[in-house]
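Heads up: the structure comes next, in structure tokens.
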Amino acid sequence: MATTPPHQHRHIPHHYTTGNIMQLLTAKFNQIATEIDNTTAQITALQGKLSELQEHQQQLLSVEQACQSALSQVDTALMMLHHVDPSEIKTFKDALTVKFTTDAIAQIEPTAPAETDTAPTEPIEPTPPDTNPVIDIEVTPATDTPATETDTATDTDTTVNTDIEKSLDSLSLKSFRKLARSKNLDSRLNRQTLTARLKAITTKDEVLAVS
């Protein structure tokens, strides 16, 4: 009776096993390299999108500043018209309305937006202009008709407003803002706008009281 030969283990060549391992490592390396390239491409695209958003943000800040400046100028013009010739306020309003028509907007020359620093800074109080925004009106009568009471009252109001404005300009920044707050005005507005508003609702004695 023949005996059963002992079990023989299958021998795997050493060079075959090492070759398979190297192939697996190479495939894994290539896979990671591909993922790195894809991630890098995504980062580059996101950086481009970020730059576009930041540029748009800068433009919005410039638009906001321009709108605030324009509104302040409109406030000043309205105050001056109210004291000089209230009948022209409607004309001024119509002129502003025309600015918003499509044809008028198309004729406006585009200007490069001003660069804006987005870093938070302390608000800077604008330096008041050298000349006061006061219109001197010289009335030359067509005849020798004496001045009416209305003309005299107008001249008096103009003189009073001029005195109040000079008194306001002479106030320190601290006193100026204190007076604005006492009149329930936003003291963060620029000085020119606040002066135009205070001039209409403040007496000279009140200005002197805070100086």
Side-chain angles (χ1 to χ4, degrees), residues 29-84 86 88-135 165 168-169 171-202:
F29 177 84
N30 291 336
Q31 179 184 356
I32 294 176
T34 301
E35 292 179 358
I36 291 175
D37 291 341
N38 292 337
T39 303
T40 301
Q42 292 176 2
I43 292 175
T44 301
L46 289 174
Q47 287 176 336
K49 184 64 175 178
L50 177 62
S51 298
E52 292 177 1
L53 291 174
Q54 289 175 334
E55 182 179 359
H56 192 201
Q57 184 184 49
Q58 294 288 341
Q59 292 173 348
L60 288 176
L61 289 173
S62 299
V63 170
E64 181 184 12
Q65 289 185 347
C67 290
Q68 290 177 347
S69 177
L71 289 174
S72 296
Q73 293 296 328
V74 170
D75 288 343
T76 301
L78 284 174
M79 287 293 179
M80 295 171 67
L81 280 173
H82 177 72
H83 290 291
V84 176
E88 291 298 327
I89 291 180
K90 184 179 184 303
T91 303
F92 179 61
K93 178 182 178 181
D94 293 339
L96 290 178
T97 302
V98 171
K99 289 291 185 180
F100 290 91
T101 61
T102 304
D103 294 338
I105 295 176
Q107 295 175 2
I108 299 176
E109 291 293 334
T111 56
E115 295 184 359
T116 306
D117 185 5
T118 57
T121 57
E122 292 295 329
I124 301 176
E125 185 69 22
T127 303
D130 295 334
T131 57
N132 294 323
V134 177
I135 298 178
E165 186 168 3
L168 289 171
D169 289 340
L171 290 177
S172 65
L173 180 59
K174 181 178 180 181
S175 299
F176 186 83
R177 289 181 173 177
K178 178 180 178 182
L179 178 61
R181 287 192 297 268
S182 70
K183 292 296 181 178
N184 295 324
L185 297 178
D186 187 354
S187 62
R188 294 172 296 179
L189 295 174
N190 64 60
R191 186 157 185 160
Q192 184 178 6
T193 301
L194 287 175
T195 297
R197 296 182 180 182
L198 287 172
K199 186 170 60 176
I201 60 176
T202 308

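Predicted, not measured: the structure shown is a model, and the values here were computed from it.
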Notebook entry, point to check: If you take all heavy atoms of Met79 and Ala200, which pair is closest and at what distance?
Noted result: SD-CB, 4.2 Å
Next item on the list: Could you tell me which residues satisfy side chain to side chain donor-acceptor pair (under 3.5 Å) with Thr44, sequence neighbours excluded, listed by chain and number?
Entry: none
Note to self: Tell me every residue that passes side chain to side chain donor-acceptor pair (under 3.5 Å) with Ser175, counting only those two or more places apart in sequence or in another chain.
What the structure shows: Ser172
Check: Partners of Ile36 by side chain to side chain contact (heavy atoms under 4.5 Å, CB included), sequence neighbours excluded?
Finding: Ile32, Thr40
Next item on the list: Could you list all the salt bridge (Lys or Arg N to Asp or Glu O under 4.0 Å) pairs where at least one residue sits in residues 43-52, not counting sequence neighbours?
Entry: none
Next item on the list: Sequence neighbours left out, what passes side chain to side chain contact (heavy atoms under 4.5 Å, CB included) with Val63? Give chain and number order.
Entry: Cys67
Item checked: Pairs meeting criterion salt bridge (Lys or Arg N to Asp or Glu O under 4.0 Å) with involvement of residues 75-84, two or more places apart -> Asp75-Arg197
Margin query: For a quick test of reading the model, state the closest non-hydrogen atom pair linking Leu194 to Leu189 and the distance between them.
Written below: CD1-O, 3.5 Å
Margin query: Could you measure the distance from the CG atom of Leu50 to the CD1 atom of Ile43? Nearest 0.5 Å is fine.
Written below: 12.5 Å
Notebook entry, point to check: Who are the salt bridge (charged side-chain N to carboxylate O under 4.0 Å, His left out) partners of Lys183, not counting sequence neighbours?
Noted result: Glu206
Notebook entry, point to check: Can you list the residues that meet the salt bridge (charged side-chain N to carboxylate O under 4.0 Å, His left out) rule with Lys90, with sequence neighbours excluded?
Noted result: Asp94
Next item on the list: Keeping the roles fixed (side chain from Ser51, backbone from Gln47), state whether a donor-acceptor pair exists under 3.5 Å.
Entry: yes
Checklist line | Inter- and intrachain pairs under salt bridge (Lys or Arg N to Asp or Glu O under 4.0 Å), touching residues 29-46, at least two apart | finding: none
Check: Any donor-acceptor pair under 3.5 Å linking the side chain of Ser182 with the backbone of Leu179?
Finding: yes
Check: What are the two closest non-hydrogen atoms of Leu171 and Arg191, and how far apart are they?
Finding: O-NH2, 2.6 Å
Note to self: Nearest 0.5 angstrom please: Gln192 CD to Leu168 CG, how far?
What the structure shows: 13.0 Å
Item checked: Residues in side chain to side chain donor-acceptor pair (under 3.5 Å) contact with Gln73, at least two apart in sequence or another chain -> none
Item checked: Heavy-atom check, side chain of Leu61 versus side chain of Glu64, under 4.5 Å -> yes
Check: Among all residues two or more places apart in sequence or in another chain, which pass the side chain to side chain contact (heavy atoms under 4.5 Å, CB included) test with Leu96?
Finding: Val74, Phe92
Next item on the list: Please list, chain by chain and in numerical order, all residues satisfying side chain to side chain donor-acceptor pair (under 3.5 Å) with Thr193, sequence neighbours excluded.
Entry: Ser72, Asn190
Item checked: Student check: side-chain heavy atoms of Gln58 and Gln54 closer than 4.5 Å -> no
